[in-house]
Each structure stands twice: as C-alpha cells, then as structure tokens.
Amino acid sequence: MIHQKHIVETSALIVALILVMLPILGFESWAVLTLAGLSMAMMIFIMASGMTLVFGLMDVLNFGHGAFIAVGAYAAASMVTLVGGYPIGTVLAILTVVGCALAALVAGGIGGSLFERLLVRPTYGNHMRQILITTGGLIIVEQVLIVFFSPREIVLLRPEELQGSLLIGNIALEKYRLLMVAIGLLVFSGLILLFNRTKLGLLIRAAVENRKMVEALGYPVRGLFIGVFITGSSLAGVGGALWALQQELFTVTIGSEAMLLIFIVVVTGGLGSVSGCFFSALLTALVANYVTFLYPPLSAFALIGMMAAVLLWRPQGLIPVANR
Amino acid sequence: MLDNILSLAGVHTHIGPYHILQGIDMEIPEGEITVLLGRNGAGKTTTAQTILGLLHPSAGTIFFDGKPIHQLDAPQVVRRGIGYVPEQMNVFLDLTVMENLILAAYDRPRPDEEHLQTIYQLFPPLEKMLQKRAGVLSGGQKQMLSIARAMVLPRRMIIIDEPAKGLAPSIVNSLASSLETMREAGTTVLLIEQNLPFASRVGQHFYVLEDGMVVHNGLIEQLNKDLELQNRLLGLEG
C-alpha cells in the first residue's frame, strides 16, 4: 500500500540520519543532540499539527497560527504567577506544569474560536485575503499581549524537579527534554488513535481528502472544521507553553519566531497530513540540531535545503494525503 | 397516477458566470427508476448537484416529499433521505473499504448487518476487500463501493450519476441488479445516463436535457420504439 510505503521509507530515512551521525559526532554529543532534536520535534509537532489539519480540511492558510503559541506561553506564565511560584515537592510541581499546559490549552482554544469567527470565516476560499488578515491578526494579538504583559521578556522558570539532567554513565540527558519526548509521543498516539479508531477521526480524514463528498454523505463539514480549528489552536497553545518552559525566557514574538519552522514542517510533511507533520518535525528538528552543532553558519540554509530536497523527491511531501 | 416524490419547477442554476440550468421542470414518481438523459454538457450533473444542495439554484423551487429543499445545504438534504453516487467514483482513497462504508452511515456508528449482507450479495468482491485501502481498488470495484455507500442506509431516493461509464459488461449487470434491488426496497432512483441501452434496460421514465432545459419526457418504452426521436434527442447512430 502506498501510504505504508511512504511511512516506512520516511522512518528509514530518519533512522539512517540518526545512525550516520553517531560516528561523526561521537557517542556523547550524539546522544545529547539526538535527544534535543527529538524533544524539539515533539514541540514543533504539537504546534504544527493544528495548522496542517486546518489547511487540509478547508484550504485555509492561517499565517496567524503563531498567535496561539504566544497566547499559550503567556497563559502558562500567568498560571505560575497566579499560583505564586512553584510549590515545594515533585508532585505539586508537576501538577503546576500540568496546570500551565491546561491554561494554555484553554487560552489557545478561546483564541482560536475568536480568530475563526472574526478573521477566518469571512475569508473562506480566498487565500490572498486569508494570508493578509491572519498575518494582521497575529500582529494584533502580539500587540494586545504587550498591552497586558509589557513588552519586556517574560521569565518562566521550570520547577526545580524539571531542571538539570539525568546522568546515565557519562551522558547527561536533560530531564525536561525527556519529558517533552514522552508528551509528544502521547499526543501523537492520541491523534493517531483518534484518526484511525473513531468515526470522528475517519470523518476528518475523509473531509481532508474530499470535503464535498463528505457533505454529500450527510455531514456538515463547517461544524467539523470549527472543532478542528479550535483543537488545533489549543494544541498550539500547549506547544507554546511547553516551548516557553524549555527556554525559560520569552517575548511576544515566541509565536511568530516558531512560524518559519512550522511552515517548513507542514510543507515538508505534506499539507493536511498529520503523520507527515510528525515525521517531518522529526527530520527537521534533527537536521537543525546536528547541523547547528557541526557547522553553525549552515543551520539556516540546511532546513531550506532539506525542504527542497524532500520536495524534489516527493513533491507532495513526505506522507501525502490522497487526492491533494 | 403515482405520487411524485421530487419536483423541480423553473430551476435555474449558475456556476460562476455560466447560466447552466435554464428553467428545469421535472416530476420524479415515487418508487420508480427515472432516467435523466442528455449529451455531455447538457446540465445533467448540475441538475443532480442542485437537487442535492451542493449547488444552489438562482431561481425556481425544488420540493422533496412535499417540502421545499432548494435552500438547504447538502448535509441537510441528505438527511431528508436522498443518497448520492457522484460521477467520478468519489470514494475516499485513503480510507479502507469498510471505513468508507462506516462513514456512509451518518446516523449510526456503523452500517446494519442486513444492509451489508445485501451489498455483499450484489458486489461479492467488496466483501473480500473490506480492509484494503480504497485507493488500490480497480475502477469497477471503486464504482461498486461508491454505489454500496449509497445503500448502507435505507433511503427514500438515490441519485446516481453515470454509473455504467467505462465498466466491464459483467459489472454493468450487477449494477443493473443493484438498481432493481433498491427499487424493490421502495427507493426511488434518479439515474443520470448517456448510455441508452443501459438506461432503457433499467428505467421506466425518462427526461432529456439539452442546453440546460428539458426537451422531452415520457415513458422509456416510447423512447425505445421511436428511433427518430432517439436520433434527434441524443444524436445516437442507427
């Protein structure tokens, strides 16, 4: 089957990349960089999955997707301020981080529903207008955040329990990155289960492939789209919170800065394809980490080069959606 | 006199700047197979999409089962009991055969077993391919799936757009029996066709479209007898 062939080839490519790097980098750097790449991939995936679905489902290009990332980061920071810093004790600290993620989830979702209603709905079917108005929306959201939170950098420390590394032999694996990998895999498995095991997921996959036919089978796709848009925004919000916790320092541009990476991942993976988004996030983040370590001046070029190479090999992306 | 389940009165439809349907009047009798004939570009598919709410008429009315449906969107029209089998075998290629069937049952988690059995009897190849992606099916199998999708729920009416196009004769035979099965189950069929032999074999009534207007209608038997009429209306040879 075509679909499985794509997944197998893409996985093989990623595994080959990781293995090739082992002798080049030496075991210690390799382990650290690979973990950094994997955890970065998971965060990009969480942030980008909503955007690829929104495009796949309704051909909506949301250049303002980064707004939800920023909103999520600020929601997480507000949550920590509200609680008054992290409580002592591992369980309570982790619960606070979960609280941050939930606050980001809700804030991203509210932001998403407003965005959809006010900016996206009036511009269905017109890409130029969508790009202009959603870019404008991103700027407005950033300015509103400045009004409420000041333009200064926001400090969002991780709780002590999630600072530092686990030492295995003489390799230091950052605890937070390990947690990110676990969370990313959890979100990906959840989405895959949703798409393959539930009727709602079937409906979304079918509508990405052929929206008109789904309507002709009796399902209002508009409502489905609103749900997906809000879910995608919520995920972007969570991604923003996790990203901010990783950097521990951010400004309003945290979202727009992530957008370039997200575009690369979404296009490379195949527009509308959630598995494609996951695998291309892995490839992109690993390439970014390896190249930045080996030869930093090349890092910006490497991602564009990777995207170009993938698109020459697979013009529809790594794991394309049928009919698109 | 039979009751009409669907009636179109003065229906005009524009697609962009093009005035495709120019005042269609049609009465579709309940429980029968009505054939909509016409050359390429006559407006047959546009008529189907307008009935279904995929396109909205710029003028005129469409009544289904005594109620107006011309302002409804496709999902609402379908939920009134009209199934649709579009022309280009629009099955979901990324989904398996079973997943395609599951999605077709919009009001229940999955299709009823008895409907599935009927489908397997009509189209035995489908039963063997339930877990295969629809993308790997042959053209004929995709068409079977496309029709099967319209049969997983009991419908008042089904609109089928050129199902026999490009299919092997043996598949056309099972197609004809599937239409007959639907009719026996009390489903009204509106069959869009260019293929007169197939149409006259299964249909009872006919309408002929030309340039977005109905130019003739009646019983299929009349059309079968009248070669001159066939030539004039459909441009068929001999």
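The sequence lines fix the lettering, A, B, ..., with proteins before strands; numbering per chain opens at 1.
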Next on the checklist: Whether the B:Gln22 and B:His12 side chains hold a donor-acceptor pair (N or O, under 3.5 Å, no angle test) is what I'd like checked.
Outcome noted: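 Checked: B:Gln22/B:His12 side chains show no N/O donor-acceptor pair below 3.5 Å.
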Item to check | With sequence neighbours excluded, residues passing salt bridge (charged side-chain N to carboxylate O under 4.0 Å, His left out) with A:Arg121 | outcome: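 Listed in chain order: A:Glu116.
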Next on the checklist: If you take the centroid of each ring, where Trp contributes its six-membered ring, are A:Phe225 and A:Tyr124 closer together than 6.0 Å?
Outcome noted: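 Ring-ring flag for A:Tyr124/A:Phe225: true, centres closer than 6.0 Å.
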Checklist entry - Between A:Phe278 and A:Phe45, how do the two ring planes meet: parallel, tilted or perpendicular, split at 30° and 60°? => result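 Rings of A:Phe278 and A:Phe45: perpendicular, as their planes differ by over 60°.
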Checklist entry - Which class fits the ring pair A:Phe229 and A:Phe115: parallel under 30°, tilted 30 to 60°, perpendicular over 60°? => result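 If you compare the ring of A:Phe229 with that of A:Phe115, the planes turn out parallel.
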Checklist entry - So which bits of residues 50-76 of chain B come within less than 4.5 Å of chain A, counting non-hydrogen atoms only? => result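 Interface residues of residues 50-76 of chain B: B:Leu52, B:Leu54, B:Ala74, B:Pro75.
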Next on the checklist: Could you check whether any side-chain N or O of B:Gln194 sits under 3.5 Å from a backbone N or O of B:Arg39, counting only pairs where one atom can act as donor and the other as acceptor?
Outcome noted: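 No; judged by distance alone, with no hydrogens or angles, the pair does not exist.
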